[in-house]
Amino acid sequence: MSLPCKIVTSFLLIFNVSSKGAVSKEIRNAFETWGALGQDIDLDIPSFQMSDDIDDIKWEKTSDKKKIAQFRKEKETFEEKDAYKLFKNGTLKIKHLKIHDQDSYKVSIYDTKGKNVLEKTFDLKIQERVSEPKISWTCINTTLTCEVMNGTDPELNLYQDGKHVKLSQRVITHKWTTSLSAKFKCTAGNKVSKESRMETVSCPEKGLDIYLIIGICGGGSLLMVFVALLVFYITKRKKQRSRRNGKLPLFCPTAGPSKIPMKQLMGMTP
Ligand SMILES: *[C@@H]1O[C@H](CO)[C@@H](O)[C@H](O)[C@H]1NC(C)=O
Ligand SMILES: *[C@@H]1O[C@H](CO)[C@@H](O)[C@H](O)[C@H]1NC(C)=O
Ligand SMILES: *[C@@H]1O[C@H](CO)[C@@H](O)[C@H](O)[C@H]1NC(C)=O
């Protein structure tokens, strides 16, 4: 093989992305695979077809070179513990992933003649899933905060009315000025999960609010002054009228004409 050809081949090997979803990516001859803490993962062997010629499929953890599962023709399948499940097609399932499952896993396959058919390594990386991001805001300074509590290496993205405004790790603080109301979307994600939250933020017009309060207070005071003046004026008029009508200032609950029959009754007609 010529040198340029070798370079191209190794380049192709490095960038050979597994066809089985986006979780596996081959880096330096190992498949980088991401698993979520507490969930199951299938380590699928790419481009492998089970056949009668296959005699031995062996999985081992490369850190301690310990055999964890093995299929032998006409023998009982070996699984080191309940957390491992080896399928007929060679796929290894690891159940309920824990932090210490983060390791390299190697599968070796031999045919009935003892020939090594395939050897692959999987770099299993484990992350905690992100939690749903939380959005809060303050109208006084039109500042919005988006925060994610849980998750390994989260990436936060904030969008305002569909436009990307900020990128951060765990917390985003954003001051918006364009208008008092806006639609915000905050997404949190890592290799194993993605969560998002939407909020429509609506703040009252600040200036208008103060004028409204002043208006209500001012109007109320004016009304009180007006009512007080009115009461004072009516009282004064009543006093004047009763003085004109008789010597004694008689206050009667009923108004106007009823005063006369009352005074006649008391024998005070002039
Ligand atoms: C192997 O078998 C398991 C269980 O039947 C299945 O979930 C998985 O997708 C299979 N993998 C491949 C690569 O066919
Ligand atoms: C974060 O994780 C802890 C422990 O796993 C859990 O109790 C808590 O409810 C999670 N918080 C959120 C916001 O999901
Ligand atoms: C906005 O106001 C809130 C509450 O008064 C305060 O906690 C926050 O620090 C303020 N943010 C900025 C950027 O001034």
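Just so you know, ligand 1 is whichever comes first in the structure, and atom 1 is the first atom listed for that ligand.
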| message | Once you measure the plane-to-plane angle for Phe122 and Trp59, does it fall in the parallel (<30°), tilted (30-60°) or perpendicular (>60°) bin? | response | tilted

| remark: atom 2 (O) of ligand 3 sits nearest the protein heavy atom Asn141 ND2, 2.4 Å

| message | Asp42 vs Lys93, test: salt bridge (Lys or Arg N to Asp or Glu O under 4.0 Å). Steps then yes/no. | response | CA-CA 4 Å; Asp42 283 353; Lys93 186 192 232 22; 3.0 Å; yes

| field | Sub-4.0 Å protein heavy atom near atom 9 (O) of ligand 3 | value | no

| query | Which heavy atom of the protein is the closest neighbour of atom 4 (C) of ligand 3, given with residue, atom name and distance? | reply | Thr138 CG2, 3.8 Å

| query | For residues Thr112 and Asp55, is any side-chain donor paired with an opposing acceptor at under 3.5 Å? | reply | no

| query | Protein heavy-atom contact under 4.0 Å for atom 14 (O) of ligand 3? | reply | yes

| request: Check the pair Glu80, Lys67 against salt bridge (Lys or Arg N to Asp or Glu O under 4.0 Å), reporting the backbone distance first and the verdict last. | output: CA-CA 8 Å; Glu80 197 219 342; Lys67 185 172 78 179; over 6 Å; no

| Which heavy-atom pair separates Phe71 from Leu86 by the least distance, and what is that distance? | N-CD2, 3.5 Å

| note | Looking only at protein heavy atoms, what sits closest to atom 11 (N) of ligand 2 is Asn150 ND2, 3.0 Å

| message | Quick check on Ile140 - does any of its heavy atoms sit under 4.0 Å from an atom of ligand 3? | response | no

